[in-house]
Amino acid sequence: MSLKVYNSYTRKKEVFTSITPGHVGMYVCGPTVSGESHLGHARPYITFDFIFRYLTHKGYKVRYVRNITDAGHFEEEGKEAEDKVGKKAILEKLEPMELVQKYTNLFHWAMLQFNCVEPSIEPTATGHIVEQLNMIEKIIAEGYAYEVNGSVYFDLKKYAATHDYGKLSGRVMDDLLETTRELDGQQEKRDKADFALWKSAAPEHIMRWKSPWGEGFPGWHIECSAMATKYLGAEFDIHGGGMDLQFPHHESEIAQSTICNLHSPAKYWIHNNMITINGKKMGKSYNNVIKLTEMFSGNHPLLTQAFAPMTIRFFILQSHYRSPVDFSSEALLASEKALKRLWEAYEVLKKLNPGTEEPATDAALETKVLQWINEFDEFMDDDFSTAKILANMFELTPVINGIKDGHIAANAIAGSTLILLQKQFKIYLEDVFGLTYVTAADDETLHGVMQLLIDIRKESKAKKDYATSDKIRNQLTTLGIELKDEKDGAMSWNM
RNA sequence: GGUCCUGUGGCCGAGUGGCUAGGCAAAGCUCUGCAAAAGCUUCUACAGCAGUUCGAAUCUGCUCGGGACCUCCA
């Protein structure tokens, strides 16, 4: 079964074949660490995490490069946005790199909460100034960039005359030239659509580097091109990021790399859709940002409660990565409950005993179960349809629970099928989807104490001393421990 | 204004022209000292109008609504 991915560049689902057999190079645009990560950031990093995990599962050796933009995004914008890192540092009386470190640490912490696998290489923009300068010089030498007053701009008109600029984002060059914008440095550019490769630094800028054109800082797009080229080569397999980066960021990366490396950088462009809140994209300009720390603590007016990182991860997995997903407390609460139900079924499944190798006594059920299991791979191969796999898992949940409490005969499905079911649940829930479920089940002391309480409760129940048995259960509930009476008089618990 | 995407039941969301996911919520039942959990059952939707077709949520056109990008942005 071959993997198909939707390539934003061709706007088609294509069969995935890696450039180097057995290996995959994947570059994903990382965060700008000039502020705290918010819910919106969770989407791409969780999305590319399960893509990374799935490629690994399929046997590829993946080099996953995700940068840290720690130089601030120096756009040719107005002064406000000009040097985010430098500006905020003054206000907070911090060294720029101290600020960068703080938010980098916070980002890493959040990724850990989400159980995201660390990228193979996490290069920083400030650590690759030389590579960026080299690239800019090469673009100038090729005649596709020009220097004005210490700044260097990419000559888009010249590039577009012979190259397909705008293909990725579906933009027409003429429209871009028409667009009227009031941008800083506009007057020194040959054309309004030209983008900056290097910006001359005003005296107040803290972060600045020497260059052949004077002191300044790199443009927004060149860092990704430089780092991707360095670690993945002129052409690599996957370039990922949020949809909002298609233009101008990725479009510009294509132009830069095409001139420098004589090749469009990525074979497959994969873009995740946005998380919206009340139908609007989460962003600073909309004033609707929920930071991840606020999500985890519930400390935000839009949140009715705290939401665990795994709830958010599950919430994202429940929709297709190319669909927008609208956030609400209600939707997240639904995900929380769904995940709990699914995970408890998984715990039950792990304990089911396949027994001896017997043929299934319920052929119809056997067929359905096998179909649901086999579709896991099929769905994931079809452009990472995680939502459909989860739907199948929920179809299987009543079967698992049914076998457990005897509602469905243990031999209704074949032993081999049960083993396959266990294997596939493990692979997808844990290895590919990267879900975990925090329980105290590993704590042996707590286990012992719980067993004691359960024994006491059983004894009091046997004596019809319900006051005592209810007290035990109620007190545990207050502590966040849920005690369930099983059919056969046994008791189970979870936190 | 330009380019593109989108509109699915109370809510969230899959949906490759025919078999019309799944989750949450709600209701009933079973189990149960009670509860919780679990199981069974019920709730059948595709913005509107027209068209193509034997047949459309799925294709086409128009209308209305929402969104993204065009500016830092995941």
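This structure is a prediction, so every number in the text was calculated from the model and none was measured. Protein chains get the first letters and strands the later ones, always in sequence-line order, with residue 1 at the start of each. Every heavy atom of this structure was used, including side-chain atoms; hydrogens, water molecules and symmetry mates were not.
Computed from coordinates, the A:Ile275 CD1 to B:rG66 P distance equals 22 Å when rounded to whole Å. If you take CG of A:Leu476 and C1' of B:rA35, they are 14 Å apart, rounded to a whole angstrom. For the pair A:Glu347 CD and B:rA38 C1', the computed distance is 16 Å after rounding to whole Å. The separation between A:Asn288 atom CG and B:rA74 atom P is 13 Å, rounded to whole Å. If you take CZ of A:Arg171 and P of B:rC5, they are 12 Å apart, rounded to a whole angstrom. Nucleotide B:rC70 holds its C1' atom 14 Å from the CE atom of A:Met243, rounded to whole Å. Summarising the geometry, the separation between CG on A:Leu168 and C1' on B:rA68 is reported as 14 Å, rounded to the nearest angstrom. Rounded to whole angstrom, the span from the CD1 atom of A:Ile472 across to the P atom of B:rG33 amounts to 17 Å.
In the set B:rG39, B:rA74, B:rC70, B:rC70 carries the atom at the smallest distance from any side-chain atom of A:Pro248. When each of B:rC40, B:rA35, B:rA36 is scored by its nearest atom to the side-chain atoms of A:Glu482, the top-ranked nucleotide is B:rA36. When each of B:rG39, B:rA37, B:rC34 is scored by its nearest atom to the side-chain atoms of A:Glu344, the top-ranked nucleotide is B:rA37. Side-chain atoms of A:Ser319 lie closest to B:rA14 of the nucleotides B:rA74, B:rG33, B:rA14. Considering only side-chain atoms of A:Ala331, the nucleotide from B:rA38, B:rA74, B:rC12 that sits closest is B:rC12.
Taking atom P on both nucleotides, B:rC31 is separated from B:rU44 by 28 Å, rounded to a whole Å. Taking atom C1' on both nucleotides, B:rA25 is separated from B:rG17 by 32 Å, rounded to a whole Å. Here the separation of B:rA45 from B:rU8, taken at their C1' atoms, is 6 Å to the nearest Å. Taking atom P on both B:rG48 and B:rG7, the two are 13 Å apart, rounded to the nearest angstrom. Taking the C1' atom of each, B:rC43 and B:rA27 are spaced 9 Å apart, rounded to whole Å.
Among the protein residues, A:Gly279 comes within range of the sugar-phosphate backbone only, with heavy atoms under 4.0 Å from sugar or phosphate atoms but none that close to a base. Across all strands shown, A:His38 has heavy atoms under 4.0 Å from base atoms, whether or not it also approaches the sugar-phosphate. Contact annotation for A:Leu483: base contact, defined as any heavy-atom pair under 4.0 Å involving a base atom. Backbone-only contact: A:Gly170 has heavy atoms under 4.0 Å from sugar-phosphate atoms and none from a base. In this structure, A:Val325 reaches the sugar-phosphate backbone alone: every heavy-atom distance under 4.0 Å involves primed, P, OP1 or OP2 atoms, never a base. Among the heavy atoms of the strands lying under 4.0 Å from A:Met274 is at least one base atom, whether or not backbone atoms are also near.
Between A:Lys280 and B:rG67 there is a side-chain N or O to OP1 or OP2 distance below 4.0 Å. Within the structure, every side-chain polar atom (N or O) of A:Asn272 is placed at least 4.0 Å from both OP1 and OP2 of B:rA74. Here A:Ser323 reaches the OP1 or OP2 of B:rA14: one of its side-chain N or O atoms lies under 4.0 Å away. A:His41 has a side-chain polar atom (N or O) that falls below the 4.0 Å cut-off from OP1 or OP2 of B:rA74. Neither OP1 nor OP2 of B:rC4 sits under 4.0 Å from any side-chain N or O of A:Ser169.
On a pure distance criterion of 3.5 Å, a polar donor-acceptor pair joins the side chain of A:Asp485 and the base of B:rC34. One N or O donor and one acceptor, one from the side chain of A:Asp470 and one from the base of B:rG33, sit under 3.5 Å apart. At a cut-off of 3.5 angstrom, counting only N and O atoms as typed in the model, there is no donor on one side facing an acceptor on the other between the side-chain of A:Arg11 and the base of B:rC4. With hydrogens and angles ignored, no donor-acceptor pair under 3.5 angstrom links the side chain of A:Arg43 to the base of B:rA74.
Salt-bridge annotation for A:Lys461 and A:Asp465: absent, with no side-chain N of the basic residue lying under 4.0 Å from a carboxylate O of the acidic one. In this structure, A:Glu430 does not pair ionically with A:Arg53, as no charged nitrogen and carboxylate oxygen lie closer than 4.0 Å. A salt bridge is defined here as a Lys NZ or Arg NE, NH1 or NH2 lying under 4.0 Å from an Asp or Glu carboxylate O, and A:Lys484 with A:Glu344 meets this definition.
By the 30° and 60° cut-offs, the orientation of the rings of A:Tyr165 relative to A:Tyr159 is perpendicular.
Defined by atom type and a distance below 3.5 Å, a donor-acceptor pair is present between the side-chain atoms of A:Tyr428 and A:Asp377. Side chain to side chain, A:His250 and A:His221 fail the donor-acceptor criterion of an N or O pair below 3.5 Å. Side-chain contact annotation: A:Glu223 with A:Asn67, donor-acceptor N/O pair under 3.5 Å present. Side-chain contact, A:Glu253 with A:His249: a donor N or O sits under 3.5 Å from an acceptor N or O.
Take the nearest nucleotide of RNA chain B for A:Gly242 and for A:Lys281: the residue whose nucleotide is more 5' is A:Lys281.
Between A:Tyr268 and A:Phe16, the gap from one ring centroid to the other is short of 6.0 Å. In summary, the aromatic rings of A:Tyr6 and A:Trp269 are positioned with their centroids too far apart to meet the 6.0 Å limit.
Sorted by first then second residue, the salt bridge (charged side-chain N to carboxylate O under 4.0 Å, His left out) pairs that include residues 385-399 of chain A, not counting sequence neighbours, number zero.
Other residues, nucleotides and ligands contribute more than 12 heavy atoms inside 6.0 Å of the NZ atom of A:Lys350.
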Next item on the list: Spell out protein contact along nucleotides 20-27 of chain B as letters: B when the base is contacted, S when just the sugar-phosphate is, - when no protein heavy atom is under 4.0 Å; keep the 5' to 3' order.
Entry: -BSSSS--

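Every stem involving RNA chain B, taken as at least 3 paired positions in a row under the Watson-Crick or G-U wobble test at 3.5 Å, is listed here: B:1-7 with B:64-70, B:10-12 with B:22-24, B:26-30 with B:38-42, B:47-51 with B:59-63.
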